[in-house]
Amino acid sequence: MKWVSTRGKSPAVPFIDALFAGTAPDGGLYFPDRFEPLPASTLASFRTADLVDIGTVVGTHLLGGDMSEPDMRAIVRDALDFSIPLVQVADRAWVLELFHGPTLAFKDVGARVQARLLHHFTDGTPLTILVATSGDTGSAVADAFHGVPDSRVFVLYPQGQVTDVQEAQMASLGGNITAVSVRGTFDDCQHLVKQAFADDEVRKRVWLTPANSINLGRLLPQVIYYFLLARLEGELTISVPSGNFGNLTAGLIAKRLGLPVRRFVAATNLNDVVPEYLRTGTYAPRPSLRTVANAMDVGAPSNFERIRAMYDDSIERIREDMVGAAFDDAAIVAEIARVHRERRYLLDPHGAIAWLGLQQQLEKHPRATGVFLATAHPAKFREVVEPAIGARVPLPAALSDAIARPRQSAHIDVDYPALVDLVIR
Ligand SMILES: *Cc1c(COP(=O)(O)O)cnc(C)c1O
């Protein structure tokens with residue numbers, strides 16, 4: 001199997017090269033050159049299979065011979081050691097809860113598998129991962145690599161501008177994880193990281209590896225959990241709360257591999273570039289707006305390039321598989337309150353958007369089997385959820401433990417040599 005660029009102007013590469021690349025040389029994103037559907041008997045076996053079995057089969061299939069089944073099983077078992085429950089919330093409607101990993105957000109799935117894939121393909125050469133974060137991605141990446149042999153992680157975050165919980169999640173791990181508090185903004189952090197990746201002197205000393213969300217190692221593991229939906233009857237309508245559209249891209253790949261999905265709902269907050277495109281045919285990326293579902297505050301979704309490439313840039317074909325839906329903060333908060341009151345189910349703002357998008361489709365298609373993805377634990381967004389429901393949301397043990405642990409961050413100014421000192425030490 002070969003991996004090609006969405007822009008078609010770079011040579012096809014083997015998986016290992018695509019895995020360690022950021023973008024392709026032509027600026028595009030890597031993608032498989034073809035999708036081989038899974039055999040019907042395999043899909044049928046998923047009705048009763050568990051997450052590790054499904055992950056082993058789907059992962060091995062996606063890598064097309066680049067990894068043995070026992071190796072894939074070891075990675076999946078170690079990475080996905082938490083549950084992903086499928087819970088019924090209404091007649092013909094289910095929620096897939098993706099937020100039971102160590103940082104209580106769905107990014108744990110991609111980041112934890114990615115960390116182990118990178119380690120598998122390095123044969124013991126030490127890796128240095130450098131990421132800038134405004135909060136959530138950094139904590140998922142830091143946690144994912146914590147304790148993975150031969151890897152060191154530096155997470156740069158703007159001092160005083162991440163939440164207490166997020167800082168605790170990054171700065172209390174220790175070991176191979178260094179939290180770096182930068183006296184500057186998120187953009188400063190990103191700029192420092194970019195400088196390092198462009199610095200040949202640094203790259204001679206350490207093997208710098210990107211761990212961002214456009215990377216295949218993050219994207220492909222997300223295909224796995226869609227196959228947990230194989231146990232539901234009927235043709236699926238799946239609503240995905242979307243920001244950079246990695247999650248939804250993974251769903252479209254699952255459909256190509258044979259999951260019986262009738263339609264996806266691209267559910268967003270007011271950053272509705274993709275719903276607008278589906279409605280009007282015009283794709284107009286723009287600066288992001290701040291919303292209560294801030295992990296989805298993305299105005300130029302990076303993975304949308306992969307979606308367009310998968311459909312040969314035909315909006316008619318994209319519309320066959322996808323509808324859009326967008327909701328403002330007031331609708332999100334009201335829905336969190338209503339679902340809590342009427343169904344005793346607690347949504348976080350991102351899950352609320354997906355649920356709102358699903359209901360629109362279930363009204364139009366009452367016989368559909370509906371599923372929405374819940375991407376964050378409601379306790380991670382207490383500032384929004386607690387006023388909405390008028391009650392406290394208890395912190396799960398994973399968060400209260402992190403808050404109680406001692407923290408240690410390196411502190412630097414927006415000063416590139418200071419970062420280099422840390423990284424090559
Ligand atoms: C990152 C994130 C999203 C958006 O996922 P994409 O793959 O970028 O579309 C949704 N919800 C939460 C909680 C997230 O952290």
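Atoms within each ligand, like the ligands themselves, are counted from 1 in listed order.
Under the 30°/60° scheme for interplanar angles, the aromatic rings of Y283 and F304 are found to lie parallel.
The residue from I315, V240, V265, L278 that alone fulfils the side chain to side chain contact (heavy atoms under 4.5 Å, CB included) condition with M322 is L278.
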Check against side-chain contact (heavy atoms from CB on, under 4.5 Å), L399 and R382: CA-CA 12 Å; L399 292 187; R382 285 196 293 176; over 6 Å; no
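Remark: R112 is not positioned above the aromatic ring of F82, lacking an NZ or CZ atom under 6.0 angstrom from the ring centre and at most 45 degrees off the axis.
Considering only heavy atoms from C-beta on, P32 comes within 4.5 Å of W3 through its side chain.
Going from atom CD of E335 over to atom CG of L356 covers 4.5 Å, rounded to the nearest 0.5 Å.
Closer than 4.0 angstrom to ligand 1 lie heavy atoms from F106, K107, P241, S242, G243, N244, F245, G246, N247, A295, M296, H350, T375, A376.
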